[in-house]
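The structure appears below as structure tokens.
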Amino acid sequence: MKKQSANTVIVLDFETTGLSPNMGDRAIEIGAVKIENGQVVDQFQQLMNPGFRVSSFIEGYTGISNYMLADAQPCDVVMNDFADFIQGYNLIAHNASFDQRFLDAELQRIGRRYNGEFACSMLIARRLYQHASNHKLGTLVNTLDIENDGTFHRALADAEMTARLWLRMLEDIQHQYRTPSLTFDAMHKLSKTSKATVPTYLRKLALS
DNA sequence: TGCCAGGCCCTCTTTAGGGCCTT
């Protein structure tokens, strides 16, 4: 097993058949990038066949068709590979509670586990960019002028944009509060800090 | 055809309700 690295994180995004694994929804695509010391050093992207047809809403929303999924490997195979990819690293997603539910559900089906912490870029963005009209990934990417190729709602594209958002937030904190580059643990803690005490928390980090 | 969940967070709050965000 790889040793957990404080400077290496995995940013991931699932496309799914719906909103709730408890209601029978499954993953249909996983995309992820590995960030090491502020640079993307690896990526993972796979479609997966959930074993039933996806709705026309999901086909339209994601651009992933039943035709594309017909040739994809089953979820169990893809998720087994993905469990290897994430092993030993901390994880990040935009609205992480959603992706964590699907990750937990898919890994439970195949008896695999992961050993990292999960942090949410949306909770941090809500604290840092309170002026933004909303905190959807696409809105933040446009508001902050983050590089993108116009692809949204595909797993790897969304994971890449979330990774750029994460790095941008690290930069903005560093510049605005004159802190050293925050560790994953410090960012994770920030995501759970009440909005009112965020400036106090960051100023304390700048002095430490 | 149209609906489903759940954690966070604000407020007209905490013995609650509803918007935001993810697909």
Side-chain angles (χ1 to χ4, degrees), chain A residues 10-33 44-69 72 75 78-79 82 86 91-109 114 116-144 146 148 151-166 168-169 187-201:
Chain A
I10 304 269
V11 185
L12 65 92
D13 183 68
F14 278 105
E15 302 306 317
T16 70
T17 64
L19 293 174
S20 172
N22 288 338
M23 300 291 289
D25 289 318
R26 299 292 303 271
I28 56 172
E29 187 180 42
I30 178 68
V33 294
F44 187 104
Q45 189 272 323
Q46 285 284 308
L47 288 170
M48 54 189 123
N49 189 329
F52 55 89
R53 290 181 65 81
V54 303
S55 68
S56 56
F57 171 79
I58 292 298
E59 284 188 312
Y61 186 81
T62 63
I64 299 170
S65 66
N66 283 294
Y67 179 79
M68 290 161 70
L69 293 173
C75 295
V78 174
M79 290 308 300
F82 190 62
I86 64 175
L91 308 173
I92 296 161
H94 199 68
N95 197 14
S97 68
F98 175 85
D99 292 278
Q100 185 168 16
R101 277 200 300 279
F102 277 94
L103 181 64
D104 290 349
E106 293 294 346
L107 292 186
Q108 188 176 24
R109 283 173 172 270
Y114 58 97
E117 294 289 321
F118 222 127
C120 178
S121 56
M122 184 190 74
L123 293 181
I124 298 172
R126 279 181 176 166
R127 286 160 173 74
L128 293 185
Y129 309 123
Q130 296 185 32
H131 61 279
S133 58
N134 63 58
H135 299 87
K136 294 176 183 177
L137 181 60
T139 302
L140 290 166
V141 162
N142 288 325
T143 302
L144 299 171
I146 288 172
N148 70 91
T151 305
F152 291 92
H153 306 307
R154 285 300 300 267
L156 183 59
D158 283 5
E160 285 172 338
M161 285 189 288
T162 303
R164 292 188 193 115
L165 170 63
W166 184 264
R168 172 63 179 273
M169 292 193 294
M187 290 287 272
H188 195 205
K189 204 178 231 179
L190 175 61
S191 76
K192 296 172 185 295
T193 302
S194 74
K195 279 185 187 174
T197 59
V198 162
T200 308
Y201 171 72

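Every chain is numbered from 1, with letters handed out A, B, ... down the list of sequences. Heavy atoms only: backbone and side chains are in, while hydrogens, waters and symmetry mates are out.
- Comparing the C1' positions of dC9(B) and dC4(B) gives an interatomic distance of 23 Å, to the nearest angstrom.
- Checking the phosphate oxygens (OP1, OP2) of dC10(B), a side-chain nitrogen or oxygen of K195(A) falls inside 4.0 Å.
- The pair R154(A)-E15(A) does not count as a salt bridge, with every side-chain nitrogen at least 4.0 angstrom from each carboxylate oxygen.
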Q: Give the intermediate values and the outcome of side-chain contact (heavy atoms from CB on, under 4.5 Å) for residues T162(A) and D13(A).
A: CA-CA 9 Å; T162(A) 303; D13(A) 183 68; 5.7 Å; no

Q: Report the C-alpha distance between L140(A) and H135(A) in whole Å, list the side-chain angles of each, state the deciding distance to 0.1 Å, and finish with yes or no for side-chain contact (heavy atoms from CB on, under 4.5 Å).
A: CA-CA 6 Å; L140(A) 290 166; H135(A) 299 87; 4.1 Å; yes

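- For the residue pair S194(A) / T197(A), a side-chain donor-acceptor distance below 3.5 Å is found, with atom types taken as modelled.
- Counting to the nearest Å, the C1' atom of dC8(B) and the NZ atom of K192(A) are 10 Å from each other.
- Within the 3.5 Å criterion, the main-chain N or O of L156(A) finds no donor-acceptor partner in the side chain of Q45(A).
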Q) When every nucleotide of nucleotides 18-23 of chain B is labelled 5' to 3' by its protein contacts under 4.0 Å (heavy atoms), B for base, S for sugar-phosphate only, - for none, what sequence of letters results? A) --BBBB

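- At whole-Å resolution of the value, CG in D25(A) and P in dC3(B) are 16 Å apart.
- Listed by first and then second residue, the salt bridge (charged side-chain N to carboxylate O under 4.0 Å, His left out) pairs that reach into residues 123-141 of chain A come to none, sequence neighbours excluded.
- Between R127(A) and the phosphate of dC9(B), there is a side-chain N or O to OP1/OP2 separation shorter than 4.0 Å.
- Nucleotides dC20(B) and dT15(B) are separated by 25 Å at their C1' atoms, to the nearest Å.
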